[in-house]
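Written below as structure tokens is the structure these notes are about.
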Amino acid sequence: MPRTSKTALVTGASVGLGAEFARLFAADGHDVVLVARRRDKLEALGGELEKTHGVRTVALPEDLGDREAPVRIAKDLDKRGIVAEFLVNNAGFGSNGAFAELELGRELEMVQVNVVALVHLTRLLLPGMIARGSGRILNLGSTAGFVPGPFMADYYASKAFVNSFSQALWYELRGSGVTVTVSCPGATATEFAQVAGNDKSPLFKAGAMGATAVATHAYRAMMRGKRMAIPGLRNKLLLQSLRVSPSSVSLGVAGGLNKTSDTKVLPPR
């Protein structure tokens, strides 16, 4: 496809869903700014996209666990004269285990990456989109955001924020030419499960959707300006069941799906 004059910024772009989003934008002729921690991965992906699709790419190695990273990213865009027509807040990670046993620093970093950096980047880039009357934002939420998640309490709560925040912005921006879409996938075959430590949980043993399918579904929904995108029949059925189940049942189901053989459970008193 011929190269357009539009640019997409994708966080968490080095692997998994982020890399798939970058490929989708490039295939449509859009330039791509790739943001993640690993410079080598970003540069390799950028080279692939430039060779295959003839687009321009920029690698910005940044750790969104650093609270100043969003400001540096925005300043870098300004310095290069890059206007982001698309923003994909994809970066995020999870953890598994009883909250009282998990490392506090890592849990706080998760909130920074999954929630604070997403809000910060959105707030920095959104006014320009509104002024131009054009823009698309895609946030990666999760089916996890619709129910509390024992043994992944912090992660589930972070995705509840993303799901809610994104839909509220979608409503606020009606008629502005700018839309916000939240994608709510379930278990997906990426690095996420290994990093979170729940790759051997019942949730992932039951099967995971492929990253390409999830990214494509979310990308198309974003381009259409949809409020929410839930990929896969199994995920849709799961959410329907949660809506009609008592909260105590939903908690038990989520806890059972997240618990692994290594999960420490506090003994009854």
Side-chain angles (χ1 to χ4, degrees), residues 10-13 15-18 21 35-37 62-70 73 87-124 137-170 180-188 190-199 201 203-204 208 211 214 218 227-231 235 238-239 242 247 250-251 253-255 257-260 263:
V10 182
T11 69
V15 294
L17 288 174
F21 285 126
V35 178
R37 292 177 300 169
E62 285 283 0
D63 182 356
L64 291 175
D66 179 348
R67 62 184 299 175
E68 297 303 320
I73 291 168
L87 169 63
V88 178
N89 285 305
N90 166 74
F93 66 92
S95 62
N96 182 269
F99 179 73
E101 300 286 337
L102 295 172
E103 180 189 352
L104 176 58
R106 185 67 168 166
E107 295 303 292
L108 294 176
E109 182 184 5
M110 188 196 306
V111 174
Q112 170 63 37
V113 175
N114 294 9
V115 175
V116 179
L118 179 148
V119 171
H120 200 168
L121 265 178
T122 299
R123 181 59 180 81
L124 290 172
I137 297 174
L138 174 63
N139 293 331
L140 260 293
S142 174
T143 54
F146 293 96
V147 62
F151 308 118
M152 293 189 74
D154 204 354
Y155 175 77
Y156 274 56
S158 74
K159 291 304 179 179
F161 178 94
V162 174
N163 290 358
S164 175
F165 175 70
S166 303
Q167 293 181 79
L169 288 191
W170 177 89
V180 176
T181 300
V182 60
S183 174
C184 301
T188 305
T190 66
E191 285 187 343
F192 173 87
Q194 287 78 22
V195 173
N198 69 328
D199 52 313
S201 69
L203 176 63
F204 276 85
V214 171
R227 174 175 56 89
M228 180 182 291
I230 301 172
N235 292 326
L238 171 64
L239 292 182
L242 289 175
S247 58
S250 298
L251 275 166
V253 170
L257 289 173
N258 293 331
K259 186 179 177 182
T260 71
T263 302

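Starting from 1, each residue takes its place in the sequence as its number.
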Heavy-atom pair with the smallest gap, counting every atom of Glu62 and Ile73: CG-CG1, 3.9 Å

side-chain hydrogen bond (donor to acceptor under 3.5 Å, both in side chains) partner of Ser166, chosen from Asn89, Asn139, Thr181: Asn139

Test item: Asp154 and Val111 side chains (from C-beta on) under 4.5 Å apart, heavy atoms: yes

Contact summary for His120 and Arg67, nearest pair of heavy atoms: ND1-O, 3.9 Å

Separation between CG of Leu140 and OG1 of Thr11, rounded to the nearest 0.5 Å: 8.0 Å

Shortest non-hydrogen contact between Leu102 and Asn96, atoms and distance: CD2-O, 3.4 Å

Residues Leu169, Thr122; criterion side-chain contact (heavy atoms from CB on, under 4.5 Å); working and verdict: CA-CA 10 Å; Leu169 288 191; Thr122 299; 3.9 Å; yes

Expected output: side-chain Lys159 to main-chain Phe146 donor-acceptor under 3.5 Å: no

Main-chain N/O of Leu108 paired to Gln112 side chain as donor or acceptor, under 3.5 Å: no

Asp66 CG to Glu109 CD distance, which is reported to the nearest 0.5 Å: 10.0 Å

Smallest separation among heavy atoms of Tyr155 and Ala144, with atom names: CE2-CB, 4.0 Å

Residue pair Val119 / Pro70, side-chain heavy-atom distance below 4.5 Å: no

Whether Asn90 side chain and Gly12 backbone form a donor-acceptor pair below 3.5 Å: yes

Close side-chain approach of Asn235 and Cys184, heavy atoms under 4.5 Å: no

Side chain to side chain, Phe93 and Arg106, heavy atoms closer than 4.5 Å: yes

Closest heavy-atom pair and its distance - Ala218, Leu138: CB-CD2, 4.0 Å

Summary of salt bridge (charged side-chain N to carboxylate O under 4.0 Å, His left out) pairs that have at least one residue in residues 90-99, sequence neighbours excluded: none

Nearest heavy atoms of Val10 and Ala13, plus distance in Å: O-CB, 3.5 Å

Any side-chain heavy-atom pair of Leu17 and Val214 under 4.5 Å: yes

